[in-house]
Amino acid sequence: MKLRSVLTALALVLGALFAPGVGVLTSVGEAHAVTKISHSAATSRFQSSGITWSSSGGCSDRNNPTCTSFDQLNLATAQGAQTLRSASGCALNITGGTETGHASGTYSHWNGYKLDFGKATCLTNYVKNTFTYIGVRGDGAPQWKSGAGNVYADEGNHWDVTFYNCGGC
């Protein structure tokens, strides 16, 4: 009986290590299947949480860089913004979503992992006093990492946030 318990525990541990998106065999560059949501689904979520958004072009066309679009946003990214709003108690205004015009890459705006938030004292104080400073990004932007692993980069006039997950939703 004891051998069976040990083998079961070992199987569970190995299963966790080799499962997609979990364990030591996953690299940072690997993207896994995510749930995408529409612009209207995202705006409904944001409205229900008291999160606002704005666009320099007053539009939501994903293919126009002056718009703020949430088409093809990852569900976990939207949930991460909602978690940030409730945890921080700060007013949040999203100024960048999945629209074209941002830097490319696996964990990019276009791929649904990033949102830009307008700078506000409340949000800046929350990020700097709650999360861990992890140094500067390649472009010189200072970064902080949440306990959940999401990364907040101070790009001067806004926060560029990479949501790898929903932040504990």
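For this chain, numbers begin at 1 and follow the sequence in order.
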>> Measuring from atom CD of Gln79 to atom CG of Leu73, what distance do you get when rounded to the nearest 0.5 angstrom?
In response: 10.0 Å
> Which atom pair, heavy atoms only, marks the closest approach of Asn165 to Gly167?
Replying inline: OD1-N, 2.7 Å
> Is there side-chain contact between Val161 and Lys114, with at least one heavy-atom pair below 4.5 Å?
Replying inline: no
>> Restricting to non-hydrogen atoms, name the atom on Tyr126 and the atom on Ala87 that form the minimum distance, rounded to 0.1 Å.
In response: OH-CB, 3.5 Å
> Say you draw a straight line from CG of Asn111 to OG of Ser104; how long is it, rounded to the nearest 0.5 Å?
Replying inline: 9.0 Å
>> Before you tell me yes or no, could you show the steps for Arg85 and Ser49 under side-chain hydrogen bond (donor to acceptor under 3.5 Å, both in side chains), namely the whole-Å CA-CA distance, both residues' side-chain angles and the distance that decides it to 0.1 Å?
In response: CA-CA 7 Å; Arg85 168 74 173 105; Ser49 295; over 6 Å; no
> What about Leu75 and Val34, same hydrophobic cluster or not, with Ile/Leu/Val/Met/Phe/Trp/Tyr joined at side-chain heavy-atom distances under 4.5 Å?
Replying inline: no
>> Using 30° and 60° as the class boundaries, would you call the ring planes of His39 and Phe70 parallel, tilted or perpendicular?
In response: parallel
> Side chain of Ser88, backbone of Leu123: donor and acceptor closer than 3.5 Å?
Replying inline: no
> Between Ser108 and Ala103, what is the shortest heavy-atom contact and its length?
Replying inline: CB-O, 3.6 Å
> Within the distance-only criterion (no hydrogens, no angle test), does the side chain of Thr100 pair as donor or acceptor with the backbone N or O of Asn64 below 3.5 angstrom?
Replying inline: no
>> Using every non-hydrogen atom in the two residues, find where Ala78 and Arg45 come nearest and quote the distance to one decimal.
In response: CB-CD, 3.9 Å
>> Is there a path of hydrophobic side-chain contacts, each under 4.5 Å between heavy atoms, that joins Tyr164 and Ile94?
In response: no
> Rounded to the nearest 0.5 Å, how far apart are OG of Ser38 and CD of Gln72?
Replying inline: 9.0 Å
> Would you call Asp71 and Lys36 a salt bridge, using N to O less than 4.0 angstrom?
Replying inline: no
> Which heavy atom in Ser55 sits nearest to a heavy atom in Cys67, and how many Å separate them?
Replying inline: OG-CA, 3.3 Å
>> More than 12 heavy atoms of other residues, nucleotides or ligands under 6.0 Å from NZ of Lys145: yes or no?
In response: no
> What do the steps show when you test Thr162 against Tyr152 for side chain to side chain contact (heavy atoms under 4.5 Å, CB included), and what is the final call?
Replying inline: CA-CA 7 Å; Thr162 308; Tyr152 294 70; over 6 Å; no
> How many angstroms lie between OG in Ser69 and CG in Asn63, if you round to the nearest 0.5 Å?
Replying inline: 8.0 Å
> Are Tyr133 and Trp144 an aromatic pair by the rule of ring centers under 6.0 Å?
Replying inline: yes
> Tyr113 vs Tyr107 aromatic rings, parallel, tilted or perpendicular, using cut-offs 30° and 60°?
Replying inline: perpendicular
> Of the options Asp160, Asn93, Leu92, which is the one that meets Phe117 in a side chain to side chain contact (heavy atoms under 4.5 Å, CB included)?
Replying inline: Leu92
> Is the closest side-chain heavy-atom distance between Glu99 and Thr68 below 4.5 Å?
Replying inline: yes
> Once you round to the nearest 0.5 Å, how far does CG of Asn74 lie from CG of Leu115?
Replying inline: 9.5 Å
>> Please list all pairs meeting disulfide bond (SG atoms under 2.5 Å apart) that have one or both residues in residues 128-169, counting only residues at least two apart or in different chains.
In response: Cys166-Cys169
>> Tell me if a side-chain donor or acceptor on Asp154 pairs with a main-chain N or O of Trp159 at a distance below 3.5 Å.
In response: no
> Between Thr77 (side chain) and Gly112 (backbone), is there a donor-acceptor pair under 3.5 Å?
Replying inline: yes
> What is the minimum heavy-atom distance between Gln143 and Val151, and which atoms define it?
Replying inline: OE1-CG1, 3.5 Å
> Do Ile37 and Trp110 share a hydrophobic cluster, counting only Ile, Leu, Val, Met, Phe, Trp and Tyr and linking them when any side-chain heavy atoms are less than 4.5 Å apart?
Replying inline: no
> Between the main-chain N or O of His109 and the side-chain N or O of His102, is there a donor-acceptor pair closer than 3.5 Å?
Replying inline: no
